[in-house]
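These notes concern the structure reproduced below.
Below, read A as the first sequence line, B as the second, and so on, with proteins coming before strands; counting in each chain starts at 1. Quick note: numbers below take in every heavy atom, side chains included, and nothing from hydrogens, waters or symmetry partners. Here the structure is a predicted model, which means the values were calculated and not measured.
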Amino acid sequence: MTITAIRGFNDILPGESALWRHIEDEAVKVFSACGFSEIRVPVADRTELFLRSIGETTDIVEKEMYTFTDRHGDSLTLRPEGTAPVVRAYVEHKLYTSPVTKLFYAGPMFRYERPQKGRYRQFYQIGAEVLGDESPRADAETIGMLVELFRRLDVSGITLHINSLGCAECRPGYKSRLKIFLQGVKERLCENCQRRMDANPLRALDCKSPKCIEATENAPRITEHLCQPCNVHFERVKHGLAGLNIAPNINPRMVRGLDYYSKTTFEITAEESLGSQNAIAAGGRYDGLVSDLGGPATPCFGFAIGMERLAIVIKDKGFQERPLAAFIALGAAAEKKGIELLKLWRGAGLRITEDFSEAPLKKRMKRVDQIGASFAVILGEDEIKEGVVSLKDLKTAEQEKVKWENVVQRVFKVK
RNA sequence: GUGGGCGUAGCUCAACGGUUAGAGCACUGGACUGUGACUCCGGGGGCUGGGGGUUCGAAUCCCCUCGUCCACCCCA
């Protein structure tokens with residue numbers, strides 16, 4: 001048997017990688033324009049980091065982490081998400097000495113789940129974090145930045161869902177209120193929700209089981225039990241979004257899977273071809289995490305985009321790599337001249353490869369066609385004498401002689 | 001972790017339990033020694049995912065296993 005990739009770990013082949021590169025390039029442009037800088041954190045961190053940040057009773061920690069013991073006996077975990085390592089780095093390097101720090105990251109995350117459409121064990125996220133800003137405008141503007149990125153990537157049919165989960169002041173009170181309500185309808189809840197009712201009652205609101213949706217129809221809503229500061233914050237976030245012409249869908253039932261969220265949480269869904277895995281980005285505020293991890297009290301807001309899901313949603317939008325030309329030298333003199341010419345053309349921005357085979361021209365034409373070149377650039381004895389190449393458009397079969405210095409503009413003209 | 005669909009050539013798929021497992025596309029040689037993609041003629045390709053069983057005989061039926069896709073749980 002030949003060796004195959006690990007289950008849930010995928011190769012991104014050239015046809016698709018061009019789109020990925022495009023997404024990443026656009027994200028960097030948009031984030032950078034908003035004042036974010038890149039941070040690169042390791043793919044592995046101490047297991048304890050994730051236990052303390054994500055929460056010990058979450059599904060991620062309970063059953064989805066790639067955890068192993070290294071040769072030294074330390075328990076390490078492949079990062080299941082990006083915020084925890086970023087905050088760890090923020091605290092470790094004391095970046096909080098700056099009043100506000102805006103960071104973005106991109107890279108693979110790891111969760112041990114059954115693969116399905118838009119979900120893999122190694123998956124890629126692009127995320128951004130605003131550390132040290134408590135303003136509701138930070139929430140709104142950061143969501144706005146994300147919406148702008150999706151607009152530029154030509155993602156259509158997206159919906160923004162937002163909610164507020166309250167804070168350390170008001171959430172406990174709501175939680176016990178909800179627990180009392182759930183006790184009353186306990187028999188009508190699904191097994192799962194009955195089991196986690198005490199540890200994590202909020203999850204019952206997010207359950208997709210029709211039983212639970214029906215049973216919790218009249219459950220108290222968190223948005224009606226926020227403390228004054230949280231309520232004001234939430235109102236200002238909504239106001240800020242309105243100022244950006246973004247109409248959110250207020251969803252008081254939305255609960256996120258990580259324990260560190262407080263106040264604003266949000267999710268952006270795409271209706272297109274994703275089935276139930278339709279969240280392409282999500283995030284929220286986590287005002288308590290930095291101090292939980294040993295730093296000073298630091299309000300933060302962030303999000304992560306799921307690359308695979310985003311790629312699915314924009315896949316059919318016709319993004320393509322720049323056209324490629326192929327150089328064919330006929331004879332030793334042409335090969336030598338080619339070294340100089342290729343340098344000239346490539347320096348001017350042309351994508352051009354060379355066919356190194358010594359086969360008859362017929363076969364070489366076929367080869368360059370097969371590798372996907374749009375143009376054949378032929379240099380033989382006649383052309384050298386005239387200071388030209390024979391430039392053939394492989395789509396239209398039109399061929400003409402073009403002066404060496406005009407090759408690049410001639411190719412760009414056709415595109 | 002639970003449930004379902006599917007595994008035959010590089011790809012998309014055929015083949016009633018019965019000759020030597022086929023076709024299209026792709027690849028490759030030639031017709032055609034400075035012109036691909038069109039046309040014509042030829043060629044290579046397969047432990048039918050793997051293992052076991054039933055049978056005179058298995059790609060086909062049964063069991064196990066692996067892989068994959070989809071859904072659930074949950075999440076980006």
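Here the C1' atom of nucleotide B:rA76 and the CH2 atom of A:W20 are 11 Å apart, to the nearest Å. In this entry the distance linking CD of A:E308 with C1' of B:rC69 reads 16 Å, nearest Å. Atoms CE (A:M254) and C1' (B:rC74) sit 15 Å apart, rounded to a whole Å. Rounded to whole Å, the distance from CZ on A:R309 to C1' on B:rC75 is 6 Å. Rounded to whole Å, atom P of B:rC72 lies 12 Å from atom NZ of A:K117. In this structure, CZ of A:R119 is placed 12 Å from C1' of B:rG1, rounded to the nearest angstrom. Straight-line distance from the CZ atom of A:R79 to the C1' atom of B:rC75: 17 Å, rounded to whole Å. Atom pair A:D59:CG and B:rC72:C1' shows a separation of 13 Å (rounding to whole Å applied).
Residues A:D355 and A:S357 bring a donor and an acceptor atom of their side chains to less than 3.5 Å of each other. If you check the side chains of A:E129 and A:T83, you find a donor sitting under 3.5 Å from an acceptor. Using modelled atom types, one finds no donor on one side chain facing an acceptor on the other under 3.5 Å when comparing A:N249 with A:T159.
You won't find any donor-acceptor pair under 3.5 Å spanning the side chain of A:R7 and the base of B:rU68, going by distance alone. For B:rC73, the base has no donor-acceptor partner in the side chain of A:R203 [N/O atoms by modelled type, under 3.5 angstrom]. Side-chain atoms of A:R111 stay outside donor-acceptor range of the base of B:rC74, with no qualifying N/O pair under 3.5 Å.
A:H161 meets the ring pair (Phe, Tyr, Trp, His ring centres under 6.0 Å) test with no other residue; sequence neighbours excluded. Remark: A:E141 engages no residue in a side chain to side chain donor-acceptor pair (under 3.5 Å) (not counting sequence neighbours). Shown here are the side chain to side chain contact (heavy atoms under 4.5 Å, CB included) partners of A:K362, two or more places apart in sequence or in another chain: there are none.
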Check residues 334-342 of chain A and write down every donor-acceptor pair under 3.5 Å in which the side-chain atom is one partner and the other belongs to a residue at least two apart or another chain.
from	atom 1	to	atom 2	distance (Å)
A:K337	NZ	A:E340	OE1	3.3
A:K337	NZ	A:E340	OE2	3.0

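Taking the P atoms as reference points, B:rU12 lies 32 Å from B:rG53, given to the whole Å. Taking atom C1' in both B:rG5 and B:rU39, one finds a spacing of 42 Å when rounded to whole Å. B:rC6 and B:rC13 are spaced 13 Å apart, taking the P atom of each and rounding to whole Å. Rounded to the nearest Å, the gap between the P atom of B:rG45 and that of B:rA23 is 14 Å. Using C1' as the reference atom, B:rC38 and B:rC32 are 14 Å apart when rounded to the nearest Å. For B:rA71 and B:rA14, the C1' atoms lie 29 Å apart once the distance is rounded to whole Å. Only the C1' atoms considered, B:rA9 is 29 Å distant from B:rG4, to the nearest whole Å. One P atom belongs to B:rC73, the other to B:rG3, and the distance between them is 15 Å to the nearest Å.
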(Q) Between A:V408 and A:L344, does the side-chain contact (heavy atoms from CB on, under 4.5 Å) criterion hold? Intermediate values first, please. (A) CA-CA 9 Å; A:V408 176; A:L344 172 75; over 6 Å; no
Q.
Run A:D45 and A:T77 through side-chain contact (heavy atoms from CB on, under 4.5 Å) and show every step you take.
A. CA-CA 6 Å; A:D45 250 298; A:T77 294; over 6 Å; no
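Here the nucleotide nearest the side chain of A:R114, chosen from B:rC70, B:rC74, B:rA76, is B:rC70.
Within 6.0 Å of CZ in A:R253 there are more than 12 heavy atoms belonging to other residues, nucleotides or ligands. More than 12 heavy-atom neighbours from other residues, nucleotides or ligands sit within 6.0 angstrom of OH on A:Y66.
For B:rA71, the OP1/OP2 oxygens have a side-chain nitrogen or oxygen of A:Q116 closer than 4.0 Å.
Heavy-atom nearest nucleotides on RNA chain B were determined for A:R121 and for A:I6, and the one closer to the 5' end corresponds to A:I6. Projected onto RNA chain B by closest heavy-atom contact, A:A5 and A:G306 fall at different nucleotides, the more 5' of which corresponds to A:A5.
With a cut-off of 3.5 Å on both pairing distances, the Watson-Crick and G-U wobble pairs of RNA chain B assemble into stems of 3 or more at B:1-7 with B:66-72, B:10-13 with B:22-25, B:27-31 with B:39-43, B:49-53 with B:61-65.
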Q) Can you give one letter per nucleotide of nucleotides 28-36 of chain B, 5' to 3': B if a protein heavy atom sits under 4.0 Å from the base, S if only from the sugar-phosphate, - if neither? A) SSS-B-BBB
